[in-house]
Protein chains: 2
Amino acid sequence: MVAGSSRTLSDQLFKQLQQAIVRGDIPANTRLSETSLASQYGVSRGPLREAIHRLEGRRLVVRTPHSGTRVVSLNHEELIHIYQVREVLEGLACRLAAKNMTEDQVADMYTLLDEHSQQVDFREGVAYFQAEGDLDFHYRIVMASGNQRLIDNLCGELYHLVRMYRYQTSTSPRRPEKAFREHRQIVDALADRDSEMAELLMRRHIRTARLRLERMHTPANNNKEYSESGAVL
Amino acid sequence: MVAGSSRTLSDQLFKQLQQAIVRGDIPANTRLSETSLASQYGVSRGPLREAIHRLEGRRLVVRTPHSGTRVVSLNHEELIHIYQVREVLEGLACRLAAKNMTEDQVADMYTLLDEHSQQVDFREGVAYFQAEGDLDFHYRIVMASGNQRLIDNLCGELYHLVRMYRYQTSTSPRRPEKAFREHRQIVDALADRDSEMAELLMRRHIRTARLRLERMHTPANNNKEYSESGAVL
DNA sequence: TAACAACAAATTGTCGACAATTCTCTGGGC
DNA sequence: GCCCAGAGAATTGTCGACAATTTGTTGTTA
């Protein structure tokens with residue numbers, strides 16, 4: 001038991017397993033054996049079962065009675081569905097953030113944009129940095145919304161799933177710059193306290209990503225799980 | 001063990017407890033003792049703990065380590081937050097339903113409207129019928145969206161919470177008729193396959209309910225749980 | 001050779017007991 | 001009379017063992 005010293009074993013296991021799944025250490029569609037995992041983490045089956053049940057609540061694993069639990073594996077359609085939900089939820093987050101953000105938080109957003117503007121120029125490893133930076137960007141706006149339920153939905157569930165399924169946007173290498181400009185527009189709207197515009201821009205920003213996903217839909221990769229790779233926004 | 005014969009004890013307990021909480025048989029903020037509940041339902045603590053963990057995933061109970069779990073109790077602000085999320089999610093559901101609904105489903109919606117139009121006239125017990133009918137109306141649209149994640153979010157979580165916290169709209173007795181007209185407009189948009197209009201109307205419909213909630217906010221009832229009563233939409 | 005049935009192995013579901021932590025109540029002191 | 005400390009009780013957390021169900025295999029039969 002090395003990291004994440006929570007109060008109870010179940011909490012520790014929950015965090016460890018969640019991190020392992022999101023980071024890809026446990027690949028999608030992997031079967032989670034209770035006995036082997038219990039011995040692997042050096043605990044009994046009781047706390048491990050509870051952790052798995054909580055992962056099920058977060059929709060990170062799927063459980064079938066008497067049969068076993070598997071790490072969630074999204075097909076093309078399910079990923080599109082997630083982006084549809086994400087579009088409206090982040091639109092709401094942006095609208096609320098425009099009202100509730102402090103001036104300091106707005107200033108921090110501009111600082112973040114400056115950091116990203118430097119990274120966009122580097123072609124090496126831009127996918128990874130841009131991906132993490134992008135999630136950071138969205139993360140901050142959601143946190144500033146002040147709506148705890150919205151925060152839980154996005155940061156506690158959807159972002160984990162999105163992080164699992166990042167795609168290389170190989171068809172359009174100029175996408176990072178466009179995404180960056182969109183980010184700038186969004187922050188400008190936040191600074192202006194223009195909540196309507198902020199919601200509209202964020203929805204369009206994510207809708208763009210979804211349409212890109214939909215375009216790479218072929219009968220071949222339908223009903224087929226994706227492998228982890230690059231960034232989409 | 002009388003009803004809801006699921007495959008496993010944990011499933012049965014989960015459904016029973018969820019129903020008991022939503023229907024108000026177990027009031028909000030009630031402390032759930034594992035031992036007493038276990039003996040009450042005639043099972044061991046193991047399955048009951050797992051059911052409670054799943055309820056925690058659905059956000060119907062709140063658990064504090066080593067201290068116990070309580071039925072969720074929403075204050076005014078949290079209920080507003082739920083309606084904010086509901087507004088955008090149901091807007092999305094309506095937009096998708098306008099595209100995906102079959103002609104038969106549209107016809108069923110008109111049939112449902114006819115049934116409601118008769119109930120609206122009855123002043124006796126109109127709150128209850130209107131409340132259930134309203135949830136039925138929204139429920140069908142969400143189910144027709146075809147987005148499973150959206151369905152889970154709304155029907156599996158938010159609706160249960162909304163059902164727990166229904167308010168008597170005592171300030172405006174003419175609200176049911178207005179709500180009914182709004183429902184009719186929404187169905188018309190669905191029939192026209194006008195997804196933009198459908199989303200806009202549904203969002204406005206729920207926003208109206210939220211604004212009514214916000215108006216009945218006073219310092220007295222802030223941070224105070226509400227009791228179950230009538231309908232808001 | 002293919003299909004079906006019975007058996008065996010593995011895995012999950014359930015239970016009761018023990019350990020650790022928290023809350024409460026009582027007693028003493030200021 | 002009020003506050004703090006400590007012991008006790010109650011509740012939750014954890015564990016190992018047993019029971020029930022599913023799955024894979026093997027053997028038989030058409």
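Each chain gets a letter, A, B and so on, in the order its sequence line appears, and its residues count up from 1.
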| task | Take B:H138 and B:E90 through the side chain to side chain donor-acceptor pair (under 3.5 Å) test and state the conclusion after the steps. | result | CA-CA 8 Å; B:H138 289 268; B:E90 287 212 40; 2.7 Å; yes
| Between atom CZ of B:R58 and atom CD of B:Q18, what is the distance when rounded to the nearest 0.5 Å? |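 Those atoms lie 5.5 Å apart.
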| note | Side-chain contact check for B:T35: nearest option of C:dC23, D:dT11, C:dT12 is D:dT11
| task | Name the closest nucleotide to the A:R31 side chain, picking from D:dT12, C:dC23, C:dT11. | result |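 Of the options given, the side chain of A:R31 lies nearest C:dT11.
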| task | Describe, in one word, how the ring planes of B:Y139 and B:Y159 are oriented to each other, choosing from parallel (under 30°), tilted (30 to 60°) and perpendicular (over 60°). | result | tilted
| request: List for me each residue that meets salt bridge (charged side-chain N to carboxylate O under 4.0 Å, His left out) alongside B:R207, sequence neighbours excluded, and say none if there are none. | output: B:E87
| Among side-chain atoms of A:S33 and A:T35, is any donor-acceptor pair under 3.5 angstrom? | yes
| Going through the checks in order, is the side chain to side chain donor-acceptor pair (under 3.5 Å) test met by B:H116 and B:D134? | CA-CA 9 Å; B:H116 288 180; B:D134 175 74; over 6 Å; no
At a cut-off of 3.5 Å, list every protein nitrogen or oxygen paired with a nitrogen or oxygen from nucleotides 14-19 of chain D, distance to 0.1 Å.
residue	atom	partner	partner atom	Å
D:dT14	OP1	A:T8	OG1	3.0
D:dT14	OP1	A:L9	N	2.4
D:dT14	OP2	A:T8	OG1	3.0
D:dC15	OP2	A:S44	N	3.1

| Validation row: B:I186, B:I141 side chains within 4.5 angstrom (heavy atoms) | yes
| task | Taking the side chain as every heavy atom from C-beta outward, state whether A:M202 and A:R95 have any atom pair closer than 4.5 Å. | result | no
| Counting any heavy atom closer than 4.0 Å, what does A:L32 reach on the DNA or RNA strands: base, sugar-phosphate only, or nothing? |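 Touches sugar-phosphate only.
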| query | How long is the line joining CD of A:E34 and P of D:dT21, in whole Å? | reply | 17 Å
| query | How many Å lie between CZ on A:F14 and P on D:dG13, as a whole number? | reply |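 Rounding to the nearest Å, CZ of A:F14 and P of D:dG13 are 15 Å apart.
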| query | Which of residues 56-66 of chain A sit near DNA chain C, with a heavy atom under 4.0 Å from it? | reply | A:R63, A:P65, A:H66
